[in-house]
Amino acid sequence: MNEPFELRYDPIRKDLLYLHRITTFNMGTFYHRHDAYELYLFLRGNVNLYIENSCYHMERGDLLVMNPEEMHRSFSLDESEYERITINLQKSYLHRLSTPATNLCGCFDFRPKGKGNIVHLDESQLKQLLQLTGDLERVLTSDAYGSDIRVNSYVAQLLVLTNTIFQNASFIPTDIMPELVRKTMDYIEAHLAQDISLEQLAAAFYLNSTYISRQFKKHTGLTLRSYILDRRVSLAKSYLCEGLSITEACYQSGFSDYANFIRSFTKIAGISPGKFAKKSASLS
């Protein structure tokens with residue numbers, strides 16, 4: 001029986017993907033990841049944004065940073081116009097723009113997973129950021145001499161500004177993820193290497209299993225089975241990065257069937273476990 005694959009893997013094919021979008025329909029029904037960093041600037045709409053096991057109601061000027069390991073989704077609560085700017089950046093590209101004294105990856109990497117992702121910009125900071133994104137947007141569509149150099153310059157300035165803002169931020173966002181959903185995610189995380197059933201969750205929380213399942217699906221867009229599958233693949237990636245064999249990573253991350261592990265890993269990560277392990281070894 002094939003596992004469901006609701007959690008989407010969105011590969012970014014370029015060093016830089018810039019999108020300034022206005023939509024009036026729901027986007028991001030499912031959690032997803034990119035194989036790149038993401039800057040997300042919220043401008044208007046009635047939107048909840050989920051990152052890992054947290055949920056935030058967006059306000060104009062909210063700036064978020066996400067790394068490739070952080071799953072996220074945006075959810076429009078109505079059909080009002082939803083405007084945002086997203087910039088996806090390959091890690092290798094940021095390394096080329098960085099210097100020994102200025103690591104532009106800092107705001108993405110130097111924090112706990114799923115924590116410290118969001119700051120709220122004041123009007124001065126928002127004006128600065130919109131000036132830079134506007135300049136970047138214009139030069140990206142230009143074929144004038146030096147446009148590529150100017151793109152790199154604007155991206156570097158954006159990242160210097162973003163890192164500076166995050167380094168000095170004292171903003172504490174309001175997390176509105178329902179407690180049951182967060183507790184369910186925490187339980188799954190703590191028991192990944194073991195069998196996890198709806199019956200076990202029901203016993204742990206003294207609630208009806210159907211209610212737990214429906215609430216989880218409502219707020220994440222995912223079935224519990226899909227979510228567990230994704231977290232196990234994420235754990236397997238960590239083991240492979242540590243040098244464990246593919247077989248060891250398979251069984252220590254909670255998979256009981258090797259063929260299903262290979263299929264699930266490849267579908268969710270966008271790369272086979274073997275290729276992932278080789279790539280990880282070459283970067284270490």
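For the single chain, residues carry numbers from 1 onward in sequence order.
Residues Leu132 and Leu161 have side chains in contact (heavy-atom distance under 4.5 Å, counting atoms from C-beta outward). When side chains are defined from C-beta on, Ile87 does not count as touching Tyr37, because their heavy atoms never get closer than 4.5 Å. Contact annotation: the side chain of Leu180 approaches that of Leu207 to within less than 4.5 Å [non-hydrogen atoms, C-beta and beyond]. For the pair Glu38/Thr86, a side-chain contact is recorded, criterion being any heavy-atom separation below 4.5 Å from C-beta on. Looking at heavy atoms from C-beta onward, Cys55 lies out of side-chain contact with Leu49 at the 4.5 angstrom threshold. With a 4.5 Å cut-off on side-chain heavy atoms, Lys113 and Asn67 do not count as touching.
To the nearest 0.5 angstrom, Arg214 atom CZ is 13.5 Å from His219 atom NE2. Distance CG/Leu136 to CG/Leu16: 6.0 Å, rounded to 0.5 Å. To the nearest 0.5 Å, the span separating CE on Met71 from CD1 on Ile268 amounts to 10.5 Å. Here the CG atom belonging to Asn46 is positioned 10.5 Å from the CZ atom belonging to Phe75, to the nearest 0.5 angstrom. Interatomic distance, OG of Ser253 versus CZ of Arg231, reported as 12.5 Å (0.5 Å rounding). Note that the CG atom of Leu41 and the CZ atom of Arg84 stand 12.0 Å from one another [nearest 0.5 Å].
Between Tyr187 and Phe205, the ring planes are perpendicular. Angles over 60° get that label, and only those under 30° would be called parallel.
Residue pairs meeting the side-chain hydrogen bond (donor to acceptor under 3.5 Å, both in side chains) criterion with at least one partner in residues 119-128, sequence neighbours excluded, are Asp62-His120.
Taking the charged nitrogens against the carboxylate oxygens, Glu81 and Arg21 have no contact shorter than 4.0 Å, which rules out a salt bridge. Salt-bridge check for Arg33 with Asp230: passed, with a basic side-chain N closer than 4.0 Å to an acidic carboxylate O. Here Glu70 pairs with Arg111 in a salt bridge; the nearest charged N to carboxylate O distance falls below 4.0 Å. The pair Asp186-Lys183 does not count as a salt bridge, with every side-chain nitrogen at least 4.0 angstrom from each carboxylate oxygen. In this structure, Glu69 pairs ionically with Lys237, as a charged nitrogen and a carboxylate oxygen lie closer than 4.0 Å.
For the residue pair Glu83 / His20, a side-chain donor-acceptor distance below 3.5 Å is found, with atom types taken as modelled. A donor atom on one side chain and an acceptor atom on the other are found under 3.5 Å apart for Ser54 and Asp175. Between Thr266 and Ser272, the side chains place no donor N or O within less than 3.5 Å of an acceptor N or O (distance only, hydrogens not considered). Checked by atom type, the side-chain pair Gln157/Ser153 shows a donor-acceptor distance below 3.5 Å. In summary, the side chains of Tyr18 and Glu137 do present a donor paired with an acceptor at a separation below 3.5 Å, with no hydrogens or angles considered. Of the N and O atoms on the side chains of Thr210 and Ser213, not one donor lies less than 3.5 Å from an acceptor on the other residue. At a cut-off of 3.5 Å, with distance as the only test, no side-chain donor of Gln167 or Thr164 sits close to an acceptor on the other residue.
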Thr162 vs Leu129, side chain to side chain contact (heavy atoms under 4.5 Å, CB included): CA-CA, chis, key distance, verdict: CA-CA 8 Å; Thr162 298; Leu129 210 74; 4.2 Å; yes

Test side-chain hydrogen bond (donor to acceptor under 3.5 Å, both in side chains) on Asn117 and Tyr56 and set out the steps. CA-CA 11 Å; Asn117 300 80; Tyr56 309 106; 5.4 Å; no

Please determine whether salt bridge (Lys or Arg N to Asp or Glu O under 4.0 Å) holds for the pair Arg182 and Glu52, giving the CA-CA distance in whole Å, both sets of side-chain angles, and the decisive distance to 0.1 Å. CA-CA 9 Å; Arg182 184 184 295 104; Glu52 292 291 321; over 6 Å; no

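Residues Phe110 and Met66 are members of separate hydrophobic clusters, defined by side-chain heavy-atom contacts under 4.5 angstrom among Ile, Leu, Val, Met, Phe, Trp and Tyr. By the criterion of side-chain heavy atoms lying less than 4.5 angstrom apart, applied directly or through intervening Ile, Leu, Val, Met, Phe, Trp or Tyr residues, Val160 is grouped together with Phe166 in one hydrophobic cluster.
The two residues Leu222 and Tyr227 come nearest to each other via the heavy atoms CD1-CD1, 4.1 Å. Nearest heavy atoms, Phe265 versus Ile271: CD2-O, 3.2 Å. Here the closest non-hydrogen pair linking Ala277 and Leu240 is CB-CD2, 4.3 Å. Heavy atoms only, all atoms of each residue included: Val119 and Ala169 are closest at CG1-CB, 3.5 Å.
The number of heavy-atom neighbours closer than 6.0 Å to CD of Glu79, taken from other residues, nucleotides and ligands shown, is 12 or below. Within 6.0 Å of CG in Asp195 there are 12 or fewer heavy atoms belonging to other residues, nucleotides or ligands. Within a 6.0 Å radius of CG in Leu19, more than 12 heavy atoms belonging to other residues, nucleotides or ligands are found.
Judged by the 6.0 Å and 45° rule, Arg44 forms no cation-pi pair with Phe42. Remark: Arg73 is positioned above the aromatic ring of Tyr50, its terminal NZ or CZ atom under 6.0 angstrom from the ring centre and at most 45 degrees off the axis.
Taking Arg96 as the reference, Asp15 meet the salt bridge (charged side-chain N to carboxylate O under 4.0 Å, His left out) condition, with sequence neighbours excluded.
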